[in-house]
Every structure is written in structure tokens, then in C-alpha cells.
Amino acid sequence: MRHNQLPNCRSDSIGGEARMKYGRKFLVEPGSKVRLAGIDPGFKDKHESHEGAMPELNKNAARIANLQYLLYADGSRSLLIVLQALDAGGKDGVVRHVFSAMNPQGTSVFGFKQPNAQEAAHDFLWRAHLRAPARGQVVIFNRSHYEDVLVVRVHKLVPKDVWSGRYELINDFEKMLWDNGTAIVKFYLHISPEEQLERFRQRLEDPQRHWKISESDYSERELWPAYIEAFEEAIEKTSTKYAPWYVIPSDHKWFRNLAVSEIVADTMEGMRLRLPPAKVDIAEIRRKYHAAAEGKRQAGQPQSK
Ligand code: AMP
Ligand code: MG
């Protein structure tokens with residue numbers, strides 16, 4: 001199959017070093033160790049401000065819009081984007097800002113909550129598989145099957161021998177999706193505890209956002225080190241050639257959006273999407289068009305008595 005020769009991103013397919021800047025910088029190389037404490041969540045590259053990053057943000061949005069049109073038209077591939085973060089890490093913000101560049105007709109977002117009764121009665125990958133993208137479609141997982149090695153591990157909802165067996169099952173599942181034509185890209189939005197608290201403060205002060213606050217925000221925050229440990233192991237064990245993880249510095253929302261949008265656009269370019277050939281004889285259709293246009297012109301002329 002055409003896509004089987006390709007990793008998700010290839011610099012040679014998209015014109016070299018200038019692009020893939022953040023794709024290279026934030027990629028978790030398969031098999032490498034992850035130490036989140038060594039990654040600065042406040043990183044913002046050469047940009048001073050949101051305004052300064054606007055031209056690149058706009059360029060990425062335009063690239064994503066064009067590429068999603070191609071993905072939809074091509075109809076042979078699909079794209080799965082996984083977003084994971086601690087509370088207030090910016091998953092909703094990424095969905096809003098980055099994916100507003102896409103046509104809703106070919107995109108959907110699925111938020112993973114505590115499994116409902118039907119979901120809980122199945123294997124942990126069932127609900128993820130159910131929502132995986134069809135050909136031509138982009139699906140965003142806001143949280144994902146990774147919750148089953150994150151919250152489930154931290155809260156000891158299943159024994160260790162159960163959650164620790166899941167990394168391999170996840171890798172097999174993602175490989176199967178990839179073999180079937182789905183490109184997969186996974187983002188961990190990396191924020192500092194200080195930035196999380198600042199975002200909680202902003203939520204408290206803005207009545208428009210009170211609905212987002214939950215008691216668990218504060219109890220989960222107490223478990224920060226356990227979550228970091230769980231994230232590190234999950235990312236290490238499941239960053240693969242066919243479904244790579246990217247750790248995105250996310251204290252600055254605009255920088256997070258810039259990095260994610262660039263990596264999404266690069267991933268889609270690496271898919272080598274093509275417009276399919278026309279299903280009809282265009283020369284023949286052109287003749288029909290001219291005949292119709294001519295007929296319309298004659299019908300529109302005043303009738304002679
Ligand atoms: P939110 O993203 O704020 O809407 O919250 C969704 C909640 O559902 C989070 O607290 C998640 O940790 C929780 N959740 C998602 N998947 C699972 C799962 N498989 N098991 C337990 N809790 C989950
Ligand atoms: Mg929440």
C-alpha cells in the first residue's frame with residue numbers, strides 16, 4: 001500500500017528543513033526516554049508575542065484548510081489527532097483555535113469522559129475504535145484511550161498487571177489503524193503547575209467559565225507527580241514511527257497553537273494526498289455546459305411575435 005512506505009511525516013516530501021521545525025524539535029523519538037521536568041513548558045522560540053506569531057499561525061491555518069480539502073477529496077486516507085494534557089492544559093483551546101481551520105464536513109471531535117455503562121462493558125479500546133476516522137475524515141480525540149493508562153493508573157482503577165499490559169495493546173491498535181490508512185499524531189500539552197493554577201484563577205474570576213470548574217481539578221492537582229510519571233511511561237512506550245508523540249510547550253497558548261498547527265500541517269503534507277481524477281469526461285461535460293448556457297441565453301431573449 002502506498003502509505004506503508006511512509007512514516008507519518010517526511011521532510012523530503014514537504015520541502016526540507018524550513019518546515020518540520022517543531023515536528024523535529026518536539027517529537028519523542030521512538031524508544032527514547034522522556035523526562036518532562038527537562039522540557040520547559042514556557043518555551044516560545046524566537047517569538048515575543050502572539051502578534052509576532054500571527055503570520056505563521058495564519059500560514060499554518062491556510063495549509064491545514066487546503067490539506068483537509070485534499071484529504072476529503074482523496075478519500076483513501078484518514079487522520080487521527082490525539083490530545084492529552086492535565087486539567088487546564090489547553091485541549092479545548094487547541095480544538096477551537098487550530099481545528100477551526102478545517103471544514104466541519106470532514107472533521108469530528110470526540111471527548112472521552114468516564115466510560116458509560118455500555119463502554120465499560122467492552123474492552124478499553126472499543127470506544128476508541130468506534131470513533132476512529134473513516135477514509136477522508138479527520139477525527140480529534142479530546143482525551144483518548146490513553147486515559148486507560150493515565151487516570152486509571154493514578155487512581156488504581158484496575159490492577160497494575162492490567163494497565164501495564166495496555167501499552168502493547170495500544171501500539172497494536174494504532175498500528176492496525178495505520179495499516180488501514182490512518183495517520184496518527186499525538187500531542188501532550190505540557191504546562192507548569194504555576195500556569196495551571198493561573199488558569200484556575202482565571203476560570204474562577206470569569207463567570208462565563210464557572211461551568212468548567214470541578215472539585216476534582218484541585219484533588220487531581222495534588223496527584224501531579226503521579227500523573228507526570230504515568231504520562232512519561234505512556235509516551236515512552238507508545239511513541240512509534242506510525243503514531244508519534246509530540247510534547248508541546250503549552251504555557252503560552254499561542255505558541256502551543258503554533259506548534260500543533262505546524263505539526264498537523266506537516267503530518268498531512270507527509271501523507272502525499274492527491275486530488276482524484278474526474279469521474280466523468282470533462283470535454284464532454286464542457287460541451288453540455290456550453291449547450292446549456294446557449295439554451296439559457298436563447299430562452300432569456302425576448303420572444304418575437
Ligand atoms: P473533562 O475532560 O474535564 O470533561 O473530564 C473528563 C473526565 O473523564 C476526566 O476526569 C477524565 O480523567 C475522565 N476519564 C476519561 N476517560 C476515563 C477512563 N477511561 N476511566 C476513568 N475516567 C476517565
Ligand atoms: Mg476537567
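Note that the structure is a prediction, hence the values are computed from the model and not measured. Whatever order the structure lists ligands and atoms in, that order sets their numbers, starting from 1. Along the sequence shown, residues carry numbers from 1.
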* To do: Determine, using heavy atoms of Pro115 and all atoms of ligand 1, whether some pair is separated by less than 4.0 Å.
  => yes
Determine, for Arg153 against Glu229, whether the closest basic-nitrogen to carboxylate-oxygen distance falls under 4.0 angstrom. yes
**Q.** Side-chain ion pair, Lys113 and Glu119, N-O less than 4.0 Å
**A.** no
So the atoms of ligand 1 within less than 4.0 Å of a heavy atom of Asp148 turn out to be 19 (N)
Counting heavy atoms under 4.0 Å, the part of Lys212 that contacts ligand 1 is neither
Apply salt bridge (charged side-chain N to carboxylate O under 4.0 Å, His left out) to residues Asp74 and Arg274 and explain how you reach the verdict.
CA-CA 6 Å; Asp74 177 283; Arg274 287 184 211 101; 5.7 Å; no
- prompt: Do the rings of Phe200 and Tyr218 sit parallel, tilted or perpendicular, given the 30° and 60° boundaries?
  reply: tilted
Between the side chains of Glu232 and Lys33, is the shortest nitrogen-to-carboxylate-oxygen separation below 4.0 Å, so that they form an ion pair? no
Checking heavy atoms under 4.0 Å, the part of Glu220 that sits near ligand 1 is neither
Check: of Arg143, Glu119, Lys91, His155, min heavy-atom distance to atom 3 (O) of ligand 1 comes from Arg143
ask   = Any idea how Phe26 and Phe255 line up, ring-wise: parallel (<30°), tilted (30 to 60°), or perpendicular (>60°)?
value = perpendicular
Is there a polar contact, in the sense of an N or O pair closer than 3.5 Å, between Asp87 and ligand 1?
no
Taking only non-hydrogen atoms of Arg127, do any sit less than 4.0 angstrom from ligand 1?
yes
Contact region, Asn142 to ligand 1, non-hydrogen atoms below 4.0 Å, reads neither
- Asn180 backbone acceptor or donor facing Arg135 side chain under 3.5 Å: yes
So the atoms of ligand 1 within less than 4.0 Å of a heavy atom of Val152 turn out to be 20 (N)
